[in-house]
Amino acid sequence: MTATSQVRTRFAPSPTGYLHVGGARTALYCWAYARHFGGVFILRIEDTDLERSTPQAVQAILDGMQWLGLAHDEGPFYQMQRMDRYRAALAKLLDGGAAYHCYSSPAEVEAMRERQRAAGDKPRYDGTWRPEPGKTLPAIPADRTPVIRFRNPQEGAVTWDDLVKGPITIANGEMDDLVIARPDGTPTYNFCVAVDDWEMQITHVIRGDDHVNNTPRQINILQALGAPLPRYGHLPMILGTDGEKLSKRHGAVSVMDYPAQGFLPEAMLNYLARLGWSHGDDEVFSIEQMCAWFDLDHLSKSPAQFNPEKLAWLNAHYIKQADNARLAALASPQMTQMTQEGAQFADGPPLEAVIALMKDRAATVNELATAAMLFYRAPAPDAALLAQHLTDAVRPALADFARQCTDIAWNRDALAAMLKTVLASHKLKMPQLAMPLRLLLTGQLQTPSIDAVVELIGRQTVLSRLQPVA
Ligand code: GLU
C-alpha cells in the first residue's frame, strides 16, 4: 500500500444465527489486516433479509466480537438503516441506463426458465425488458410493479486477481441481469454489498469463498456506479475432522459456546489465526504478534480442518500463562454454583492460590474450576481405597506427621522437609505416606504435590482431617 491509501476492511455478517467459527476467522483476518497497516476495520450488519435476521443474532455477533476483542473502528452500520443510499444508487444506475425496470411477472420468469431448462439451456432472464438501441420494449402491463434489473454487460469477462486463489475470470455471458430491487423497491443483497463497499471505501474484501460467485456481479455493479474496485480475497471453508463442512455435528460452532466451555479468547484467536494462515512454523503467538505479522501472502488455498484437540492444547497453554486473579474471576461463578451443591467455598484456601497450583493441569477454565473444588469440599474417601492405603504400617507415620504439623512453620518447603524426615524415620517410600494423606485430606488419590496441597488446606483443617489417625 502507498502512504496515501489507507487499508479499509470490513466484516459484514448477516445476523441470521450465532457468530460461527468461520465468521470469526473472517472477522479476525479483516481486523488483523487493518491493524497491521494502521488501517480501519468496519463492522457492517447485513440485515436486509427481514425474515431471517433477528436482534438476538445481532447481539450474538456483537458479543462474539467483544469476547474476541475485535473492536471495530467504524460502525456497526446496519444495512436496513441505509435504504436511502441504495435508492440513490439505484436511481443513478437507472438514469445512466445501467439498470432497467422489468415488468415480467414471477410466473412469466418461471415459465421462461422452464422453457430454457426443457431446451437444455441454462435458465436465465431472457432480456424481454432489457433496453437495447433500436429495440421497442413491450407495452407496460397495467397494475404491475416492476423489479429493477442490472443491465449486466453481455460481452467480455470479469477478471480479478484473488488475494487467496489467484486470478479468476468469469465470462459476462455466464451472468444474467440480476434483480437489484424488488417490486416494493427494496434493494437486493449483491447490490447493497456493492454500494456499501463503495461508500465505505473498502480497499480489501476478505470473506468466505461461498461468495466467489457474487464477486463478478458486485464488480460489474461497482463499475457501473463508477466506483473504484477493492481487492478481493476468498478464504477456503473450514471442515470438520471428518472432512465434511464444519457443522454442529463436530461440536460447538458458535463462538460464544467457547467462553461457556471455559476457553480463553487468546486461545481462540491463536487457533483461528492458524486456521488458514501461517507465519513460518509458528504455532503459538500473541494477537499483537499476529497483527505485526499478518499478511495476505500466507493464506492457505486449501480448506482448513477444525481440530478441537489443538484448540484445547492452545487453551491449556494460555491457561498456564494467564493471571491467577483473572482465572479466579472466570472460575468462581461456576465454583459458587458447585458450592451450592454442598461444598464450602468461603472456608477454603484463597482461590487465587488454588488456581496457581492447579492451572498447569487444566485444558479449560471449567476443568480448572472442577479440579479446584478439591479444596472446598469435605473429603469423603472411598472406604475400600482407605482400607488399601491406610494400613497399620503407615498409621504411626501419619500420626507422627500430624503431630509435627501442630508447630511446624507453615510453608511448602518446611512441610516437604518434614515429610522427608518422617519417611526416613519410618522407613517408608513417599507414595506410602502421600496416598493415605491425599485420601484423608482431599478424598482423592490424584492431587498436585502433597506438600503444596497440605500447605493450601491449612494447618487447622489438616489437623482436624488427620484427627482419626493421630
Ligand atoms: N453477509 C454475508 C455473510 O454473512 C457476507 C458478505 C460479504 O462479506 O461480502 O455471509
Side-chain angles (χ1 to χ4, degrees), residues 7-34 40-65 68 70 72 74-82 85-86 89 158 160 162-165 168 170 178 180 186-222 225 227-238 245-247 253-256 272 276 296 299:
V7 166
R8 292 175 62 88
T9 61
R10 88 300 195 274
F11 176 50
S14 304
T16 54
Y18 40 76
L19 175 62
H20 55 82
V21 168
R25 181 187 65 168
T26 301
L28 171 62
Y29 290 9
C30 294
W31 177 88
Y33 196 63
V40 174
F41 172 64
I42 294 162
L43 178 61
R44 181 168 87 214
I45 306 291
E46 303 203 321
D47 55 354
T48 55
D49 184 342
L50 293 181
E51 276 173 23
R52 295 177 59 224
S53 301
T54 65
Q56 292 82 349
V58 172
Q59 195 54 49
I61 291 164
L62 298 177
D63 291 347
M65 297 291 282
L68 290 167
L70 303 179
H72 48 269
E74 291 178 17
F77 297 108
Y78 293 84
Q79 287 189 322
M80 283 309 291
Q81 293 170 15
R82 295 175 46 79
R85 321 300 284 254
Y86 309 133
V158 177
W160 76 95
D162 196 273
L163 294 159
V164 182
K165 296 173 185 288
I168 297 181
I170 313 275
L178 186 72
I180 54 176
T186 55
T188 57
Y189 172 72
N190 278 299
F191 187 71
C192 298
V193 172
V195 171
D196 284 348
D197 285 342
W198 173 35
E199 293 203 353
M200 295 171 192
Q201 297 172 49
I202 303 302
T203 56
H204 295 77
V205 171
I206 303 165
R207 59 186 172 196
D209 67 2
D210 46 334
H211 288 284
V212 167
N213 290 338
N214 292 326
T215 302
R217 298 180 180 285
Q218 292 171 11
I219 288 177
N220 278 337
I221 293 170
L222 284 165
L225 288 166
L229 296 182
R231 300 287 314 270
Y232 291 90
H234 291 92
L235 304 170
M237 63 169 128
I238 301 176
K245 190 169 185 274
L246 188 68
S247 74
V253 284
S254 161
V255 168
M256 288 315 281
L272 292 175
L296 300 174
L299 291 171

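Ligands are counted one by one from 1 in listed order, and the atoms in each one are counted from 1 as well.
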(request) Classify the side-chain pair Asp196/Gln79 by whether it contains a donor and acceptor separated by less than 3.5 Å. (result)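 Per modelled atom types, Asp196 and Gln79 side chains form a pair under 3.5 Å.
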(message) Side chains of Thr215 and Arg207: any donor to acceptor distance under 3.5 Å?
(response)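 There is such a pair (donor and acceptor under 3.5 Å, judged by atom type) between the side chains of Arg207 and Thr215.
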(request) Look at the aromatic rings of Tyr232 and His234 and report parallel, tilted or perpendicular, splitting at 30° and 60°. (result)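 Plane angle under 30°, so parallel.
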(request) Of the side chain and backbone of Tyr232, name the one, both, or neither that has a heavy atom under 4.0 Å from an atom of ligand 1. (result)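 Neither part.
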(request) Using a 4.0 Å heavy-atom cut-off, say whether Pro13 meets ligand 1 through its side chain, its backbone, both or neither. (result)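 For Pro13, only backbone atoms sit under 4.0 Å from ligand 1.
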Go through ligand 1 atom by atom and flag the ones less than 4.0 Å from a non-hydrogen atom of [X].
X: Tyr189; value: 1 (N), 2 (C), 5 (C), 6 (C), 7 (C), 9 (O)
X: Arg10; value: 7 (C), 8 (O), 9 (O)
X: His211; value: 2 (C), 3 (C), 5 (C), 6 (C), 10 (O)
X: Glu46; value: 1 (N), 2 (C), 5 (C), 6 (C)

(request) Give a yes or no on whether the backbone of Ser53 and the side-chain of Asp47 come within a donor-acceptor separation of less than 3.5 Å. (result)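 Not confirmed, Asp47 side chain does not pair with Ser53 backbone.
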(message) Determine whether a donor-acceptor pair (N or O, by modelled atom type, separation under 3.5 Å) exists between the side chain of Arg8 and the backbone of Met200.
(response)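 Yes, the answer is positive, given that a donor and an acceptor are paired below the 3.5 Å cut-off.
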(message) Using a 3.5 Å cut-off on N or O atoms only, is Arg44 in polar contact with ligand 1?
(response)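 No.
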(message) So, regarding Asp210 and ligand 1 (criterion: nitrogen or oxygen to nitrogen or oxygen, under 3.5 Å), is there a contact or not?
(response)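 In fact, backbone or side chain, Asp210 has no N or O that close.
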(request) To the nearest 0.5 angstrom, please state how far the CG atom of Leu299 sits from the CG atom of Asp162. (result)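 CG of Asp162 is found 9.5 Å from CG of Leu299.
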(request) Could you tell me the residue and atom name of the protein heavy atom closest to atom 5 (C) of ligand 1, and the distance to it rounded to 0.1 Å? (result)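 Closest protein heavy atom to atom 5 (C) of ligand 1: Ala12 O, 3.2 Å.
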(request) Could you give me the CA-CA distance, side-chain angles and deciding distance for His72 and Ile42, then say whether side chain to side chain contact (heavy atoms under 4.5 Å, CB included) is met? (result) CA-CA 5 Å; His72 48 269; Ile42 294 162; over 6 Å; no
